[in-house]
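The structure presented is a predicted model; accordingly, all values stated were derived computationally and were not measured. For the single chain, residues carry numbers from 1 onward in sequence order. When a ligand or atom number is given, it counts from 1 through the structure's own listing order.
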Amino acid sequence: MKTKWIRPGESLAEAARLLRAEQVVAFPTETVYGLGAWALSEKAVRAIYEAKGRPSDNPLIVHVSPGMELKTLARDIGETAKRLMDMFWPGPLTLIFEKTDSVPLCTTGGLATVGIRMPANETALKLFSLAGLPVAAPSANLSGRPSPTTALHVLEDMDGRIPCIIDGGPCRVGLESTVLDVTGALPVILRPGAITREMLEKEIGTVRMDPAILPSAAPRETERPKAPGMKYRHYAPRGTMELIQGSDEQMAAYIAEQAASWSRKGITGGLLATQELLDRLRGRLPGGFHIENMGSRHRPDVIASRIFASLRNFDTAGCGLILCEALPETDENTAAMNRLRKAASGRIRTLGTAGAERVRTEDERQ
Ligand code: TXA
Ligand code: MG
């Protein structure tokens, strides 16, 4: 199949026609690119799973535009949800509701609930209203690869697999939406994103975190994450990645030593680090070592927006071993650290005083 490319500003009529014809279209959002199809058509939704190579028990988020009737998708839209929609929509917040019978089980991965969001991206909203349909969409990567934050990333994974990609430029946020379950007595964050716990609590009071996403949770936690998609190997570059934490000098010394040793062994090494740590490493790294700059520690938003592109760049550069600076576990860094821990399959090395270094690995923790 030939994949049509729609440039920024070009007409979306053909893409809207494809959606109405139960076909798959990749579109930009403020978070990551989505792989969209008509949410209420089983045939269309099956085409998404097929293109993505995703297991079909993984529920999709249904995307809507202003004016679409939510009552046809969700039951019991309570006061809390209304308040959150007023405050954060359009924006990177997905709300989980009880679903209506109109939403097919293949859209929700067999669940009785449905995730709904209104993205803050004009191209996406225009596409949905032109098509006049709610659009189910996962991130537009092949299953297991980092989520795409540019249309070229989508092309890398989906060329020839889908009929159309809409180029809307780089995604502003760069990490997927916060997923919030509002079906119970207390709202629960199932996936952290740019709308943080503190932002939510300011509006609606106490919000819980699904234990499976806490920093202490082991990657193979016996506890099943409530957002089924969170259990898959995600975001990981092909090389083995390890997170490191410690003082700047401890991290710099460790990185310089590892990079030199890999270089001697002919291994292409990589590093994902903040500008501050890279400043300290200037002149201390061997040639051929691949560096990805996350940006300044003072700009958690910029850091978040660069992570997925950097993970893809490690693959392009052929990095076999990768080190990544761990970020402080602040409210603003929660989503970024959640994705980085997954990319590193939970490997975190705490650099201590000489000899007291600790590594927690999947193996140790199973
Ligand atoms: O920012 C985003 O949310 C992007 C863009 C394209 O909108 N979409 C996205 O979709 O990240 P996806 O399919 O890659 O991730 C959806 C996440 C998964 O972890 C899934 O398990 C969870 O949301 N989810 C969806 N519906 C759910 C439901 N009914 N109950 C629990 N979790 C749900
Ligand atoms: Mg995804």
*With a 4.5 Å limit on heavy-atom distance, are the side chains of Y33 and D157 in contact?*
no
_Options I96, V173, V103, ranked by nearest heavy atom to atom 28 (C) of ligand 1, top entry_ = I96
*Going through the checks in order, is the side chain to side chain contact (heavy atoms under 4.5 Å, CB included) test met by E10 and D167?*
CA-CA 9 Å; E10 273 182 2; D167 180 3; over 6 Å; no
*Salt bridge check: are R75 and D101 linked by an N-O gap of less than 4.0 Å?*
yes
*asked:* Show the atoms of ligand 1 that are less than 4.0 angstrom away from any heavy atom in N58.
replied: 20 (C), 21 (O)
*For R117, atoms of ligand 1 separated by under 4.0 Å from a heavy atom*: 1 (O), 2 (C), 3 (O), 5 (C), 7 (O)
_Taking CD in E156 as the centre, count heavy atoms belonging to other residues, nucleotides or ligands within less than 6.0 Å. Is the count above 12?_
yes
*So is S139 polar-close to ligand 1, meaning N/O to N/O under 3.5 Å?*
yes
*Tell me which part of L190 gets within contact of ligand 1: side chain, backbone, both or neither, using heavy atoms under 4.0 Å.*
side chain
*May I ask you to check whether S139 brings an N, O or S atom to under 2.8 Å from the Mg ion (ligand 2)?*
yes
*Is the distance between the ring centroids of H63 and F27 under 6.0 Å?*
yes
_Within the 4.0 Å heavy-atom shell around L111, which atoms of ligand 1 are there?_
28 (C), 29 (N), 30 (N)
*asked:* Can you tell me which residue among R17, R46, K43 is in a salt bridge (Lys or Arg N to Asp or Glu O under 4.0 Å) with E22?
replied: K43
_Nitrogen or oxygen atoms of S177 and ligand 1 under 3.5 Å apart_ = yes
*Numbering the atoms of ligand 1 from 1, which are under 4.0 Å from a heavy atom of T113?*
28 (C), 29 (N), 30 (N)
*Report yes if the side chains of L35 and V24 come closer than 4.5 Å at any heavy-atom pair, otherwise no.*
yes
*For ligand 1, is V32 a contact, meaning one of its heavy atoms is under 4.0 Å away?*
yes
_Within the 4.5 Å heavy-atom criterion, are R191 and T178 side-chain neighbours or not?_
no
*List every atom of ligand 1 that sits less than 4.0 Å from any heavy atom of V179, numbering the atoms from 1 in the order shown and giving each element.*
23 (O)
*asked:* Could you tell me, atom by atom, which parts of ligand 1 come under 4.0 Å of a heavy atom of T31?
replied: 1 (O), 2 (C), 4 (C), 5 (C)
*Measure the shortest side-chain to side-chain distance between K52 and R161 over non-hydrogen atoms and say whether it is less than 4.5 angstrom.*
no
*asked:* Is the shortest side-chain heavy-atom distance between R339 and F308 below 4.5 Å?
replied: yes
_Could you check whether any side-chain heavy atom of F88 comes within less than 4.5 Å of a side-chain heavy atom of E203, counting everything from C-beta outward?_
yes
*Sub-3.5 Å N/O-N/O distance, E176 and ligand 1*: no
*Among G34, S147, G110, which residue places a heavy atom closest to atom 6 (C) of ligand 1?*
G34
*Would you tell me which option among P59, G115, A26 has the nearest heavy-atom contact to atom 24 (N) of ligand 1?*
P59
*Please confirm whether K52 comes within less than 3.5 Å of ligand 1 when only nitrogen or oxygen atoms on both sides are compared.*
no
_N or O pair under 3.5 Å between H63 and ligand 1_ = yes
*Would you tell me which option among E98, K99, R191 has the nearest heavy-atom contact to atom 15 (O) of ligand 1?*
R191
